[in-house]
Amino acid sequence: MTATAAAAGVHCLPIPTPFMVGRVNCYLIDDDPLTLLDTGPNSGKALDQLERALAEHGRRIEDLERILISHQHMDHLGLVDILARRSGAEVCTLDLLAPLIEDFTAEAERDDELAEVLMLRHGIPRDVVTALRAVSRSYRGWGGSTPVGRRLHDGETLEFAGRSLEVLHRPGHSPSDTVFWDAERETLLAGDHLIKHISSNPLISRALGGKSGEPGNGRPRALVTYLASLRETREMPARVLLPGHGEPFGDHAALIEERFAMHERRAEKIRGLLTGTPLSAHEVAQALWGNVAVTQAYLTLSEVLGHVDLLLERGEVQEQELGGVVRYEAI
Ligand SMILES: [Zn+2]
């Protein structure tokens, strides 16, 4: 499949990141304009590796003419400013993503404010919340900001001399997830929307509008949004998916069915835990993952709340608030 994509002028450039996920896949689309999808994190190591990878295809950073960004996470956009300034490439992102790219630090700070409120409300102790906020700030430097030259709309077609890519908003893993569909080659540049070897965790982030939910309308329901996006992707006649991490793959419909089944099992397990005393989402996370619920408190909280949202939607659990902390119990 890598060979098929390469034959179509799409080259995977795996770039190292300091994150648990390992390398991020950037893609060089060797067409007119010469395009890079995603940049890798803002680090000297990533920049060096990217330059070498481009050189293997006879290209330099200065040759880039267009930069696409798949979503708002640091491993995908950190080098965007350095690359855009050195090459003069036009940065193109989904309209909803543009403000986050243009002021990454301020937007990340607002995300952290939401995270802090959510963590306290769902039972995570204040000292853990304070520590996590400091960790998050210390990571900020892996990100980057740059002016966005062109704002893309959901459903718009991006033209190249030798291909067309349809721009599709598929929020859930993050509110800005964008996939790029080459209908002629039945190939989907999937970003982190769907990855073969890991289930993309729907992290709770501020809604950006559109399909990611309306801002200010309660807590963003990341997993509910993600499952709706997966249902749309399942119907696509894709032959090859090129993901943001790991190997290219096919048979996405079967993979999506597996993911649906996995989320069902997890929701059922959580419902089981809520049949006794009412528990906060953090208490549920501790019951499921022990100490990981502390070191990865926000990730595991997002995971639990995502599934609680499914149960709430079906009327299988109810919510009660006492002293500013929310607890859930099965009905
Ligand atoms: Zn990623």
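Order of appearance sets the numbers: ligands from 1, and atoms from 1 within every ligand.
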Three-point angle H76:NE2, the Zn ion (ligand 1), D75:OD2, rounded to the nearest 10°: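 With the Zn ion (ligand 1) as the vertex, the angle is close to 90°.
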Can you see whether Y226 has R221 sitting over its ring - NZ or CZ less than 6.0 Å from the centre and within 45° of the normal? no
If I take every N, O or S atom of H71, is at least one of them less than 2.8 Å from the Zn ion (ligand 1)? no
Are more than 12 heavy atoms from other residues, nucleotides or ligands located less than 6.0 Å from atom CD of E257?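 Atom CD in E257 is packed in, count exceeds 12.
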Of all N/O/S atoms in H245, which lies nearest to the Zn ion (ligand 1)? NE2
The Zn ion (ligand 1) - closest N/O/S atom in D192: OD2
Could you tell me how the ring of H71 sits relative to the ring of H76: parallel (under 30°), tilted (30 to 60°) or perpendicular (over 60°)?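 H71 vs H76 ring planes: tilted.
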Any chance the side chains of D38 and S70 put a donor and an acceptor closer than 3.5 Å? yes
